[in-house]
Amino acid sequence: MTKLIPIFINGGKWIQLSQLSKEQSLKLKTWLPVSCLKKIMFQGSEFSDCLDFETYEYWFRTHQVSEQKQALLDF
């Protein structure tokens, strides 16, 4: 699984769910409360489906660990 690099907007670090693969995006959406996704305006453009990078990074680490455990069990 490839980890996204955050985008810096208004002093915060963000990712957009649309940058993820469909599979990753669906897994993350089912894990997140809907209220975590934000719309951010930057230089006249609206970025939808944004998530703060810290939350994404936590999900990425925990999801990656659980996938590795599952791979070991499958072996």
Side-chain angles (χ1 to χ4, degrees):
M1 181 180 338
T2 303
K3 184 177 176 183
L4 294 179
I5 296 172
I7 54 177
F8 294 88
I9 300 175
N10 302 329
K13 292 194 262 184
W14 301 90
I15 61 115
Q16 281 186 283
L17 291 187
S18 57
Q19 295 175 318
L20 296 168
S21 68
K22 265 189 172 176
E23 180 184 348
Q24 285 179 319
S25 180
L26 287 173
K27 287 179 181 180
L28 184 52
K29 281 181 183 178
T30 59
W31 180 80
L32 281 175
V34 176
S35 62
C36 286
L37 297 177
K38 307 288 182 202
K39 289 184 182 180
I40 300 172
M41 292 296 293
F42 182 67
Q43 296 181 348
S45 296
E46 182 180 272
F47 295 88
S48 60
D49 72 347
C50 291
L51 178 65
D52 68 275
F53 185 72
E54 287 182 18
T55 303
Y56 166 72
E57 192 169 39
Y58 175 80
W59 173 82
F60 185 86
R61 281 194 320 263
T62 57
H63 187 73
Q64 190 173 34
V65 167
S66 67
E67 280 188 350
Q68 288 173 350
K69 285 181 182 177
Q70 184 62 45
L72 287 173
L73 292 174
D74 290 344
F75 182 68

Could you tell me the separation between the [atom1] atom of [X] and the [atom2] atom of [Y], rounded to the nearest 0.5 Å?
| X | Y | atom1 | atom2 | value |
| --- | --- | --- | --- | --- |
| Glu57 | Leu51 | CD | CG | 11.5 Å |
| Lys3 | Arg61 | NZ | CZ | 7.0 Å |
| Phe60 | Phe53 | CZ | CZ | 9.0 Å |
| Leu20 | Lys27 | CG | NZ | 11.5 Å |
| Cys36 | Lys29 | SG | NZ | 13.5 Å |

For residues [X] and [Y], report the shortest heavy-atom separation together with the two atoms involved.
| X | Y | result |
| --- | --- | --- |
| Asp49 | Ser18 | OD2-N, 2.9 Å |
| Asn10 | Met41 | ND2-O, 3.5 Å |
| Pro6 | Ile15 | CA-CG2, 4.3 Å |
| Cys50 | Gln16 | SG-CG, 3.7 Å |
| Leu4 | Tyr56 | N-OH, 3.0 Å |

(request) Go through Trp14 and Lys38 one step at a time and tell me if the side-chain contact (heavy atoms from CB on, under 4.5 Å) criterion holds. (result) CA-CA 10 Å; Trp14 301 90; Lys38 307 288 182 202; 4.1 Å; yes

(request) Run the numbers on Lys13 and Phe8 for side-chain contact (heavy atoms from CB on, under 4.5 Å), then give the verdict. (result) CA-CA 5 Å; Lys13 292 194 262 184; Phe8 294 88; 3.1 Å; yes

Look at the side-chain heavy atoms of Ile, Leu, Val, Met, Phe, Trp and Tyr, link any pair under 4.5 Å apart, and say whether [X] and [Y] land in one connected group.
| X | Y | result |
| --- | --- | --- |
| Leu26 | Trp31 | no |
| Trp59 | Leu32 | yes |
| Leu37 | Ile40 | no |

(request) List the steps, then state whether side-chain contact (heavy atoms from CB on, under 4.5 Å) holds for Thr55 with Tyr58. (result) CA-CA 5 Å; Thr55 303; Tyr58 175 80; 5.8 Å; no

(message) Quick check on Gln19: does its CD atom have over 12 non-hydrogen neighbours (other residues, nucleotides or ligands) under 6.0 Å away?
(response) yes

